[in-house]
Trainee: 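Got a structure here, written out as structure tokens. Questions coming.
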Amino acid sequence: MTLLATIVETSSRVAATSARLAKVRELAACLRQFQPDEIVVGVAYLSGDTPQGKFGIGYAVLKSATAESAGEAVLTVLDVDRRLTEIASIRGAGSTTRRAEALKELFSRATEAEQHFLIRLLIGELRQGALAGVMVDAIAAAAQLSVDKVRRAAMYAKSLGAVAHAALVEGESALANFQLELLSPVAPMLAQTAADVGEALEQLGEDAVFEWKMDGARIQVHKSGDSVHIYTRSLNDVTAAVPEIAATVRELPAREVILDGEAIAFTAAGRPHPFQITMRRFGRKLDVAKLQAELPMRAYFFDCLRLGDESLADRPTRDRYEALARAVPAELIIPRLVTASEQEASAFYDAAIAAGHEGIMAKSLSAPYEAGNRGASWLKIKRAHTLDLVVLAAEWGHGRRTGKLSNLHLGALDPATGEYVMLGKTFKGLTDAMLEWQTKEFLARETHRDDWTVYVRPELVVEIAFSDLQASPRYPGGLALRLARVKRYRDDKRLQDADTMESVRKIFEAQSG
DNA sequence: TTCCGACAGTGGGGTCGCAAT
DNA sequence: ATTGCGACCCCACTATCGGAA
């Protein structure tokens with residue numbers, strides 16, 4: 001019987017080193033201690049996950065459930081799992097209170113270190129510097145199997161725990177049983193960023209193919225006979241939210257197919273809706289039909305992972321395209337161009353932007369589909385706006401940014417009122433040196449502070465890149481920056497040279513068409 | 001010896017459903 | 001009815017380690 005304390009101690013040793021091989025050694029040593037029936041749960045906990053998935057428990061409930069800690073470590077891994085299963089099953093009126101009570105009871109049997117671990121686990125912030133990627137290495141080390149074989153199995157398995165169980169209990173041959181299966185979604189392949197078409201061509205060369213990039217929701221569609229399921233990027237089943245896409249797929253001639261694509265809503269005039277609007281369709285359970293009538297969705301597909309009996313994931317992009325063209329009518333395939341010409345690719349990019357989309361993808365024609373991987377064979381090229389904004393405040397960072405002012409509050413002057421209007425926050429794009437510098441500069445300009453935020457005199461101008469302006473119910477100006485990141489501080493610019501709300505509104509109007 | 005791929009960490013805004021108030 | 005919380009949609013970027021070149 002493995003105690004929770006064993007996992008907690010391993011986690012703290014993993015957190016204590018920054019060396020990846022040392023983390024792998026610690027994790028592997030712990031895996032070897034597990035009884036067979038403890039592997040699935042133990043592997044989940046050590047990679048920052050729980051077999052139960054969602055609990056309806058967040059920071060607020062956890063805080064209300066804090067209890068006097070136990071003096072001695074008595075909880076076993078399986079004790080905790082049983083209790084969490086009970087908590088996850090609590091539903092209906094009074095459920096929040098009853099979940100908190102059950103959690104409190106669990107915490108009362110945990111030591112202080114165990115409570116701390118459970119809180120981080122449940123909140124999804126283990127912060128031990130090792131999640132699924134490092135765990136794959138640890139499973140391979142513990143079972144003395146090749147990392148490639150374990151990684152491949154993990155791509156197609158429902159959980160890492162299942163892979164670990166197979167590897168440790170049954171051995172290498174069992175790993176081969178994890179395959180691309182119908183109605184069992186795989187993590188979608190992700191892309192890196194390229195600055196422009198030229199950079200993408202430089203990386204991909206003659207092998208490049210370009211596709212429009214639509215700003216909707218990534219979908220993975222599985223069809224097996226009459227059974228059709230649609231999954232999101234994080235593999236949630238959203239079939240019920242987008243019945244028209246399910247219907248479209250059901251009508252495809254192929255009996256068995258797995259497709260990768262994007263779902264997006266269009267205006268009556270045929271322009272794509274902003275992301276914000278498209279997203280209203282997801283997560284919607286009530287009045288789906290009504291919203292469907294107002295916001296019809298379309299699916300555009302760009303990849304085919306399986307057609308008929310044949311898994312295509314390991315085949316090159318050009319073969320998967322060929323299968324896609326057989327499986328799906330042309331009007332459901334995302335616009336695409338094979339070219340090695342920078343002029344042609346640039347014109348293609350301009351056309352995508354002119355049609356209201358967010359940019360283009362560049363892909364290698366010879367690359368396989370690397371499920372879950374953010375590989376160099378897919379590149380995204382997106383348009384970005386930039387503005388010179390003013391820092392109004394900054395929040396203290398967490399984790400490795402503890403003690404540094406990190407998250408910037410950004411604003412622009414409204415000439416009509418003479419006041420600064422906040423437009424959003426960002427902590428992205430900052431190097432350690434910038435964090436160091438800005439902490440000093442902000443503290444020198446501090447006007448007042450509260451628990452997490454230091455407010456400053458509006459004097460520092462910073463160049464901010466962002467993807468869009470969104471209508472915002474939260475911010476006073478009614479606009480918020482989407483995907484904002486810091487480019488650089490503009491110490492060459494005076495406050496009067498910063499952009500004002502006038503230019504901000506101009507950008508919003510232009511993008512609203 | 002240097003370069004680069006993979007990984008983790010750092011949170012952002014918006015929307016919906018549900019329980020509590 | 002309204003509010004607060006949790007879950008999920010989307011995502012950019014930097015630092016670090018360690019294997020590849």
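Given the structure is predicted, the values throughout are model-derived calculations rather than measurements. Below, all heavy atoms of this structure are taken into account, side chains as well, without hydrogens, waters or symmetry copies. Lettering follows sequence order; numbering is per chain, from 1.
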Trainee: Any donor-acceptor pair under 3.5 Å linking the side-chain atoms of Asp287(A) with those of Gln292(A)?
Mentor: no
Trainee: Measuring to OP1 and OP2 of dG9(B), would you say a side-chain N or O of Arg401(A) lies under 4.0 angstrom away?
Mentor: no
Trainee: Is there a side-chain polar atom (N or O) of Thr232(A) under 4.0 Å from OP1 or OP2 of dC9(C)?
Mentor: yes
Trainee: Quick one: do Leu435(A) and Arg401(A) satisfy side-chain contact (heavy atoms from CB on, under 4.5 Å)? Show the steps, please.
Mentor: CA-CA 8 Å; Leu435(A) 282 164; Arg401(A) 292 189 176 187; 3.6 Å; yes
Trainee: Over all strands shown, is Lys23(A) touching base, sugar-phosphate only, or nothing at heavy-atom distances under 4.0 angstrom?
Mentor: nothing
Trainee: For a quick check of understanding: with a heavy-atom distance under 4.0 Å over all strands, which category does Ser472(A) fall into, base, sugar-phosphate or nothing?
Mentor: sugar-phosphate
Trainee: From dG14(B), dA12(C), dG17(B), pick the nucleotide closest to the side chain of Lys382(A)?
Mentor: dA12(C)
Trainee: Can you tell me if Arg218(A) touches the phosphate of dC10(C), counting only side-chain N or O atoms and a distance under 4.0 Å to OP1 or OP2?
Mentor: no
Trainee: Measure from the ring center of His222(A) to the ring center of Tyr231(A) and say whether it is less than 6.0 Å.
Mentor: yes
Trainee: Could you check whether Lys404(A) pairs with Asp432(A) (Lys NZ or Arg NE/NH1/NH2 to Asp/Glu carboxylate O, under 4.0 Å)?
Mentor: no
Trainee: Choosing from dG12(B), dT15(B), dC10(C), which nucleotide comes nearest the side chain of Pro473(A)?
Mentor: dT15(B)
Trainee: For Leu483(A) and for Arg284(A), locate the closest nucleotide of DNA chain B by heavy-atom distance; then report the residue assigned to the nucleotide nearer the 5' terminus.
Mentor: Leu483(A)
Trainee: Tell me: CD of Glu436(A) to P of dT14(C), nearest whole Å?
Mentor: 17 Å
Trainee: Taking the side chain of Ala480(A) as heavy atoms from C-beta outward, which of dT14(C), dG12(B), dG14(B) is closest to it?
Mentor: dG14(B)
Trainee: Classify Ala130(A) by what it touches in the nucleic acid, base, sugar-phosphate, or nothing, heavy-atom distance under 4.0 Å.
Mentor: sugar-phosphate
Trainee: The side chain of Asn236(A) lies closest to which of these nucleotides: dA19(B), dG14(B), dC9(C)?
Mentor: dC9(C)
Trainee: Do Ser377(A) and Glu370(A) meet the criterion of a side-chain donor-acceptor pair at a distance under 3.5 Å?
Mentor: yes
Trainee: Does a side-chain N or O from Lys380(A) land closer than 4.0 Å to OP1 or OP2 of dC11(C), or not?
Mentor: no
Trainee: Assign Ala465(A) to base, sugar-phosphate, or nothing according to its heavy-atom contacts below 4.0 angstrom with the strands shown.
Mentor: nothing
Trainee: With a cut-off of less than 4.0 Å, is there a side-chain N or O of Lys54(A) near OP1 or OP2 of dC8(C)?
Mentor: yes
Trainee: Using a cut-off of strictly less than 4.0 Å, decide whether Arg127(A) has a side-chain nitrogen or oxygen near OP1 or OP2 of dT10(B).
Mentor: yes
Trainee: I want to verify a distance call: between dA6(B), dC11(C), dG18(C), whose nearest atom is closest to the Leu21(A) side chain?
Mentor: dG18(C)
Trainee: When all nucleic acid strands are considered with a 4.0 Å heavy-atom cut-off, which category describes Asp432(A): base, sugar-phosphate, or nothing?
Mentor: sugar-phosphate
Trainee: Is Ser467(A) touching bases, backbone alone, or none of the nucleic acid, heavy atoms closer than 4.0 Å?
Mentor: nothing
Trainee: To the nearest Å, give me how far apart CD (Glu125(A)) and C1' (dA8(B)) are.
Mentor: 13 Å
Trainee: Hey, is the side chain of His398(A) poking within less than 4.0 Å of OP1 or OP2 on dG11(B), counting only N and O atoms?
Mentor: yes
Trainee: Starting at atom CZ of Arg374(A), determine the distance to atom C1' of dC10(C), rounded to an integer number of angstrom.
Mentor: 12 Å
Trainee: Does Glu262(A) reach a base, just sugar-phosphate, or nothing at all? Heavy atoms under 4.0 Å.
Mentor: nothing
Trainee: Does Thr426(A) reach a base, just sugar-phosphate, or nothing at all? Heavy atoms under 4.0 Å.
Mentor: nothing
Trainee: What is the minimum heavy-atom distance between Ala394(A) and Leu405(A), and which atoms define it?
Mentor: O-CD2, 3.6 Å
Trainee: With a 4.0 Å cut-off on heavy atoms, is Ala484(A) in touch with a base, just the backbone sugar-phosphate, or nothing at all?
Mentor: nothing
Trainee: Do Glu26(A) and Thr10(A) pair up side chain to side chain, a donor and an acceptor below 3.5 Å, judged on atom types alone?
Mentor: no
Trainee: Of Gly53(A) and Phe427(A), whose closest DNA chain C nucleotide lies nearer the 5' terminus?
Mentor: Gly53(A)
Trainee: Between Arg233(A) and Asp260(A), is there a salt bridge with N-O shorter than 4.0 Å?
Mentor: no
Trainee: May I ask you to verify if any side-chain N or O of Ser18(A) is less than 4.0 angstrom from the OP1 or OP2 atom of dC17(C)?
Mentor: yes
Trainee: Between Thr96(A) and Arg151(A), which is nearer to the 5' end of DNA chain B once each is assigned its nearest nucleotide?
Mentor: Arg151(A)
Trainee: Ignoring backbone atoms, test whether Arg20(A) places a side-chain nitrogen or oxygen under 4.0 Å from the OP1 or OP2 oxygen of dG18(C).
Mentor: no
Trainee: Compute both the distance and the angle, then confirm whether Arg336(A) meets the cation-pi test with Phe302(A): under 6.0 Å from the six-membered ring centre, within 45 degrees of the axis.
Mentor: no
Trainee: Using a heavy-atom cut-off of under 4.0 Å over every strand shown, decide if Val486(A) touches base, sugar-phosphate, or nothing.
Mentor: nothing
Trainee: Of Met279(A) and Thr431(A), whose nearest nucleotide on DNA chain C comes first from the 5' end?
Mentor: Met279(A)
Trainee: Would you say Lys428(A) reaches dG13(B)'s phosphate, i.e. side-chain N/O to OP1/OP2 under 4.0 Å?
Mentor: no
Trainee: dA19(B) P sits how many Å from Ile57(A) CD1, rounded?
Mentor: 14 Å
Trainee: Regarding Arg98(A), tell me which of base, sugar-phosphate or nothing describes its non-hydrogen contacts under 4.0 Å with the strands shown.
Mentor: nothing
Trainee: Quick one: Tyr59(A) OH to dG11(B) P, roughly how many Å, whole number?
Mentor: 14 Å
Trainee: Does dG13(B) have a Watson-Crick or wobble mate here (both distances under 3.5 Å), and if so which one?
Mentor: dC9(C)
Trainee: Side chain of Ala60(A) only, heavy atoms from C-beta on: which candidate in dC17(C), dG6(C), dC9(C) is closest?
Mentor: dG6(C)
Trainee: Counting only side-chain nitrogens and oxygens, does Gln276(A) get under 4.0 Å of the OP1 or OP2 atom of dT15(B)?
Mentor: yes
Trainee: Is the shortest side-chain N/O distance from Asn407(A) to OP1 or OP2 of dT10(B) below 4.0 Å?
Mentor: no
Trainee: Rounded to whole angstrom units, what separation is found between the CG atom of Leu405(A) and the C1' atom of dG11(B)?
Mentor: 15 Å
Trainee: Between dC10(C) atom C1' and Arg281(A) atom CZ, what is the distance in whole Å?
Mentor: 17 Å
Trainee: Considering just the side-chain nitrogens and oxygens of Arg485(A), establish if one lies under 4.0 Å of OP1 or OP2 belonging to dC13(C).
Mentor: yes
Trainee: Under 4.0 Å: is that the gap between some side-chain N or O of Thr97(A) and OP1 or OP2 of dA20(B)?
Mentor: yes
